[in-house]
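Input: a single structure, listed below in structure tokens.
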Amino acid sequence: LPGETLLPKQVNSAFIGTPLEALLRQQQITMLVVIGLTTNHCVETTVRMAGNLGFLTYMVGDATATFDRTGPDGRLHRAEDIYAISLTNIHGEFAQVVTTDEVLAGTYG
């Protein structure tokens with residue numbers, strides 16, 4: 001949109017190599033609602049950093065997705081399992097995992 005701030009990133013975390021943290025602090029934003037791709041890469045990394053930086057962070061679980069991955073042992077891990085484990089890793093530690101319906105209804109937090 002016209003006037004919308006875009007912050008291209010080069011690594012998994014939206015905080016690394018971008019002015020995201022400075023912009024949020026400058027605008028006195030303390031709460032983040034995070035969505036995106038992929039659940040266990042960019043989203044999880046950004047959410048972990050946001051939590052560590054002291055932001056009240058919500059990860060919208062059903063507004064993220066991942067894909068099948070092959071582990072170092074050659075074993076295939078299904079996207080559904082990776083997704084569930086990623087949400088489990090995040091919830092209650094770095095952020096609260098919420099749903100799109102909760103966000104739209106304003107019933108999270």
Side-chain angles (χ1 to χ4, degrees):
L1 298 174
E4 186 174 39
T5 301
L6 298 178
L7 301 174
K9 64 183 189 63
Q10 304 298 314
V11 297
N12 291 335
S13 175
F15 288 97
I16 300 295
T18 74
L20 178 58
E21 182 183 4
L23 291 171
L24 294 170
R25 302 243 187 249
Q26 191 174 59
Q27 295 178 36
Q28 299 180 336
I29 295 170
T30 59
M31 183 184 79
L32 305 179
V33 177
V34 182
I35 65 168
L37 294 172
T38 57
T39 309
N40 56 305
H41 291 148
C42 298
V43 177
E44 188 171 337
T45 303
T46 297
V47 166
R48 285 174 181 268
M49 286 199 69
N52 284 333
L53 290 169
F55 292 97
L56 175 60
T57 308
Y58 296 93
M59 179 177 171
V60 187
D62 62 350
T64 73
T66 192
F67 47 88
D68 293 348
R69 301 273 303 174
T70 301
D73 60 358
R75 183 173 159 224
L76 178 67
H77 298 277
R78 305 307 269 161
E80 299 82 19
D81 296 331
I82 295 169
Y83 170 84
I85 290 168
S86 185
L87 297 186
T88 300
N89 288 339
I90 290 300
H91 186 68
E93 182 73 23
F94 300 95
Q96 296 300 316
V97 176
V98 296
T99 66
T100 298
D101 287 343
E102 290 173 315
V103 171
L104 293 176
T107 59
Y108 65 100

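- Side-chain contact check for K9 versus C42: some heavy-atom pair is nearer than 4.5 Å.
- Atom CZ of R25 sits about 3.5 Å away from atom CZ of F55, to the nearest 0.5 Å.
- Within the model, atoms CG of L7 and OG1 of T18 stand 5.5 Å from one another, a figure rounded to the nearest 0.5 Å.
- A distance-only check finds no donor-acceptor pair linking the side chain of Y83 to the backbone of T64 [under 3.5 Å].
- Smallest separation of non-hydrogen atoms from T57 and G51: OG1-N, 3.9 Å.
- A heavy-atom distance below 4.5 Å is found between the side chains of F15 and L53.
- The CD atom of E93 lies 8.5 Å from the CG atom of N52; values are rounded to the nearest 0.5 Å.
- Closest heavy-atom contact between S13 and T45: CB-CG2, 3.6 Å.
- More than 12 heavy atoms of other residues, nucleotides or ligands shown are found within 6.0 angstrom of CG on L24.
- A distance-only check finds no donor-acceptor pair linking the side chain of S86 to the backbone of I82 [under 3.5 Å].
- Taken together through direct or relayed side-chain contacts under 4.5 Å among Ile, Leu, Val, Met, Phe, Trp and Tyr, L56 and L20 form parts of separate hydrophobic clusters.
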- Please assess E102 against Q96 for the test side chain to side chain contact (heavy atoms under 4.5 Å, CB included), listing each intermediate value before the final yes or no. CA-CA 12 Å; E102 290 173 315; Q96 296 300 316; over 6 Å; no
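- Cluster membership for M59 and V33, using ILVMFWY side-chain heavy atoms within less than 4.5 angstrom, is not shared.
- Linking ILVMFWY residues whenever their side-chain heavy atoms come closer than 4.5 Å, directly or via other members, leaves L37 and L87 in distinct clusters.
- Proximity of I16 to M49: side-chain heavy atoms (C-beta onward) are separated by under 4.5 Å at one or more points.
- A heavy-atom distance below 4.5 Å is found between the side chains of V60 and T100.
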- Message: Between N89 and F94, is the side chain to side chain contact (heavy atoms under 4.5 Å, CB included) condition met? List the steps.
- Response: CA-CA 8 Å; N89 288 339; F94 300 95; over 6 Å; no
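- Side-chain heavy atoms closer than 4.5 Å link hydrophobic residues (I, L, V, M, F, W, Y) into clusters, and following such links, even through other members, never connects Y58 to L32.
- Considering only heavy atoms from C-beta on, E44 stays 4.5 Å or farther from T39 through its side chain.
- I35 and V97 are members of different hydrophobic clusters when ILVMFWY side chains are connected at heavy-atom separations under 4.5 Å.
- The line from NE2 of H77 to OG1 of T70 is 8.0 Å long, rounded to the nearest 0.5 Å.
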